Amino acid sequence: MRRLSENHQAGASLSDVKLSRVLLLFRPYVGQLTFILLLSLAATLAGLAAPLATKELVDQAIPQKDAGLLLLFAGLMAASPLVKGVLNVWQTHLNNKVGQSVMRDLNDRLFRNLQRQSMSFFTRSRTGEIVQRISGDVQAVQGAITGTIVTAITQLVTLIATVVILLRLDWRLALVSMVVIPALLLPARRIGALRKSLRLRVQTLRGEMSSHLSETFGVSGALLTRIYGREEAQVRKFGEMNDTVKSMELRLGLIGRWYGMAAGVSNPVATAIVYLYGGWLVIHGGLSIGSVIAFAALTGRMYEPVSGLLGVHLDLSAAMGIFQRIFEYLDLKPEVADAPNAQPLQRGGGLVAFEGVSFAYASGGAAVLKEIDLTARPGQLLALVGPSGAGKTTLAGLVGRLYDPTKGTVRIDGRDVRGVTLASLREQIGYVTQEPFLFYGTIADNLRFAKEDATLAEMESACRQAYIHDVIAGLPQGYDTKVGERGHRLSGGERQRIAIARAILKNPRILVLDEATSHLDSRSEAYVQEALDSLMAGRTTIAIAHRLSTVRAADAIAVMDRGRIVELGAHEELLERDGLYAKLYRTQFAETPAGAAE
Ligand code: ADP
């Protein structure tokens, strides 16, 4: 019962709206498609010449004992498939070209739309699933895109042309030759719906497999798997998914095969019926043997497009399951986007103010920030401290609109950040995260991520300020050294300093700094500190502080606890108060003067 309703649903959403949306993907290529259609029409007509020539050869050339006519018709019979073949190769190539273009467009649009998404989308989605949709799913509709649409139209043209010729040859025989068709059409819809829902499930599972892969073979996942000796368990989990995909693919294939077989059998059955009735007509006079032979050949030509079209229907049904997933990603709306009347944020002093800011990650979910009022003054250092989970990272993220507050306003130089363009806002904010990420590529590439047209001199100057230039210059390939997937060939401190150099290159007005909690040796620590000092100079900095030196240097310290600011003041002041800060100071900061642990 459940399966039935599932299928019914799948069938219902396989509606015209969706199909028309698939067709819209072809809109830029209407001109090319028209030409392809003309080509295939010409190929069809060329192909139809052969049986007609056969008829004339049997009915005229042979009875009239005319060698000239015999040669002409035999020649036509040979030339017809040749012309058809050549035209088909040309047509197929152009068709492929359109299909590949549509796929490229689809990939581009998907990538572009995913790039527009806010952080909430990425914290919600698994990387493997995203990769699967943008590469796997688009790849999986290739068959439908390159084959289906044009095939459908050419098959339809062939079918109509053949039926017209059949009807003109002999309408009674023509009708008899078509009796098998309704039997083929009846189950088509149901089978299509079944294939669609199965395909959707297979692709969903493939997304999960892809996520499983990216997690287990990512550096952190691989490490965890080895540490806990879970290799076999991972293999088993993957194997189970693999088995399910296999059996579902087999089911999908089988559903198509049985039906394909039925379509294949219909042709000889119909041909036999034509010979039976045609033969009867010849015996009782009124029809030539040549006509019956031509008719039988044309019947074959009619069933070819009929089974072709049914095949198209099946392919398209399955592909609709995949298109559903693709369109879902194309329709994603970013939660944080430019307001319609957004203005660029002018470069001002860099005053950051939170006014009555509350925030929850899920709508209606628990508030992670509650009624925060806080100001970071231009050029000053505001340190956020507090126990883990207090909301420091979340609060810092609101400055660059990684998320928007549920209530209240974040202002920069008096402007509500929701009223300015994201590009201009982010241009003025630099983030240095706890675990700096480096893309696979050269060090120079990674630096240019902050400033595309940065010259070598600019990069060197930034790296000097970040106390990393000497390290880079000492590498055999200098700034052209490739850094691994996560910059794994560099030490933690070096990676942090490259991230700092990157932020210096960007030269933002406002800096959001999430200090690393991991210990660095005191030499690295000193270098990182120097680098940070250069970076913070003259900028408004909001630092999630884990170092004693940072809280000491801070102009103001905001102590957060469970989403609220519970204390606000300078280091000495807060120590005197002997509240949460003093407690944190004793546990977090004082005992580890060089580094700090959380
Ligand atoms: P801190 O930086 O002070 O350790 P966070 O800002 O990271 O605190 O987290 C504050 C709270 O928000 C925590 O309870 C955390 O579990 C929750 N949280 C953080 N990120 C998300 C997220 N993407 N979705 C839902 N909850 C989150």
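Worth saying up front: this structure is predicted, and the values here are computed from it rather than measured.
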Suppose we screen for ring pair (Phe, Tyr, Trp, His ring centres under 6.0 Å). Which residues come up paired with F323, at least two apart in sequence or across chains? F327
Spell out, as yes or no, whether a donor-acceptor pair under 3.5 Å connects the side chain of K506 to the backbone of I429. yes
I'd like to know if the side chain of S120 pairs up with that of E335 as donor and acceptor (distance under 3.5 Å, no hydrogens or angles considered). yes
Measuring from atom CG of N113 to atom CD1 of I134, what distance do you get when rounded to the nearest 0.5 angstrom? 9.5 Å
Between atom OG1 of T442 and atom CG of L447, what is the distance when rounded to the nearest 0.5 Å? 8.0 Å
Is it true that a side-chain atom of K196 and a backbone atom of L316 form a donor plus acceptor pair closer than 3.5 Å? no
Distance check, rounded to the nearest 0.5 Å: N267 atom CG versus L184 atom CG? 10.5 Å
Exam field: side chain S214 to backbone S211, donor-acceptor pair closer than 3.5 Å: yes
Side-chain donor or acceptor of S177 paired with backbone N/O of V274 under 3.5 Å: no
With a 4.5 Å heavy-atom cut-off, do L25 and D105 have their side chains touching? no
Measure across I322 and Q203 and return the closest heavy-atom pair with its distance rounded to 0.1 Å. CG1-CG, 3.6 Å
Could you list the residues that satisfy side chain to side chain contact (heavy atoms under 4.5 Å, CB included) with V265, not counting sequence neighbours? M261, V269
Listed once per pair and sorted, the salt bridge (Lys or Arg N to Asp or Glu O under 4.0 Å) pairs that draw on residues 231-250, sequence neighbours left out: R199-E249, R206-E249
To the nearest 0.5 Å, how far apart are OH in Y277 and CG in L173? 7.0 Å
Might you work through the side chain to side chain contact (heavy atoms under 4.5 Å, CB included) test for F238 and L213, ending with a clear yes or no? CA-CA 8 Å; F238 187 68; L213 282 178; 3.9 Å; yes
CA sep, side-chain torsions, deciding dist, call: Q132, E208, side chain to side chain contact (heavy atoms under 4.5 Å, CB included): CA-CA 9 Å; Q132 169 65 20; E208 276 172 36; over 6 Å; no
Holding to salt bridge (Lys or Arg N to Asp or Glu O under 4.0 Å), I want the full list of residues that pass it with E215, two or more places apart in sequence or in another chain. R126
Atom of A49, atom of S80 and distance for their closest heavy-atom approach: CB-CB, 4.1 Å
Main chain of T225, side chain of Q234: is a donor-acceptor contact present, judged purely on distance under 3.5 Å? no
NZ (K451) with more than 12 external heavy atoms under 6.0 Å: yes
Short question: side chain of K84, backbone of L48 - any donor-acceptor pair under 3.5 Å? no
Exercise: identify the closest heavy-atom pair between K392 and P387: NZ-O, 3.0 Å
Tell me if a side-chain donor or acceptor on R426 pairs with a main-chain N or O of G400 at a distance below 3.5 Å. yes
Tell me, do V417 and V399 make a side-chain contact under 4.5 Å, heavy atoms counted? no
Taking all non-hydrogen atoms of both residues into account, name the closest pair between A319 and A144 and its distance. CB-CB, 3.5 Å
Test your reading of the model: is there a side-chain donor-acceptor pair from R195 to the backbone of I255, 3.5 Å cut-off? no
Distance col, row L33:CG vs F26:CZ, nearest 0.5 angstrom, shows 7.0 Å
T394: side chain to side chain contact (heavy atoms under 4.5 Å, CB included) partners, not counting sequence neighbours: F359, Y361, V368, L369
Acceptor/donor pairs from residues 94-104 side chains to any protein atom, 3.5 angstrom cut, sequence neighbours excluded:
{"unit_1": "N95", "atom_1": "ND2", "unit_2": "T146", "atom_2": "O", "d": "3.4"}
{"unit_1": "S101", "atom_1": "OG", "unit_2": "K97", "atom_2": "O", "d": "2.8"}
{"unit_1": "R104", "atom_1": "NH2", "unit_2": "Y29", "atom_2": "OH", "d": "3.3"}

Please determine whether side chain to side chain contact (heavy atoms under 4.5 Å, CB included) holds for the pair Q117 and L332, giving the CA-CA distance in whole Å, both sets of side-chain angles, and the decisive distance to 0.1 Å. CA-CA 8 Å; Q117 298 308 309; L332 280 176; 3.6 Å; yes
Atom of I372, atom of G563 and distance for their closest heavy-atom approach: CD1-O, 3.5 Å
Can a donor-acceptor pair be found, under 3.5 Å and without considering hydrogens, that links the side chain of T162 to the backbone of M302? no
Output, in order, the C-alpha distance, side-chain angles, deciding distance and verdict of side chain to side chain contact (heavy atoms under 4.5 Å, CB included) for V483 and F439. CA-CA 8 Å; V483 282; F439 277 107; over 6 Å; no
Keeping the roles fixed (side chain from D338, backbone from T421), state whether a donor-acceptor pair exists under 3.5 Å. no
Using 30° and 60° as the class limits, which term best fits the ring planes of W90 and F35: parallel, tilted or perpendicular? perpendicular
For R124, is there an ion pair with E129 - N to carboxylate O distance below 4.0 angstrom? no
Which heavy atom of S118 sits nearest a heavy atom of L402, and at what distance? CB-O, 4.4 Å
How long is the straight-line distance from CZ of R301 back to CG of L166, given to the nearest 0.5 Å? 11.5 Å
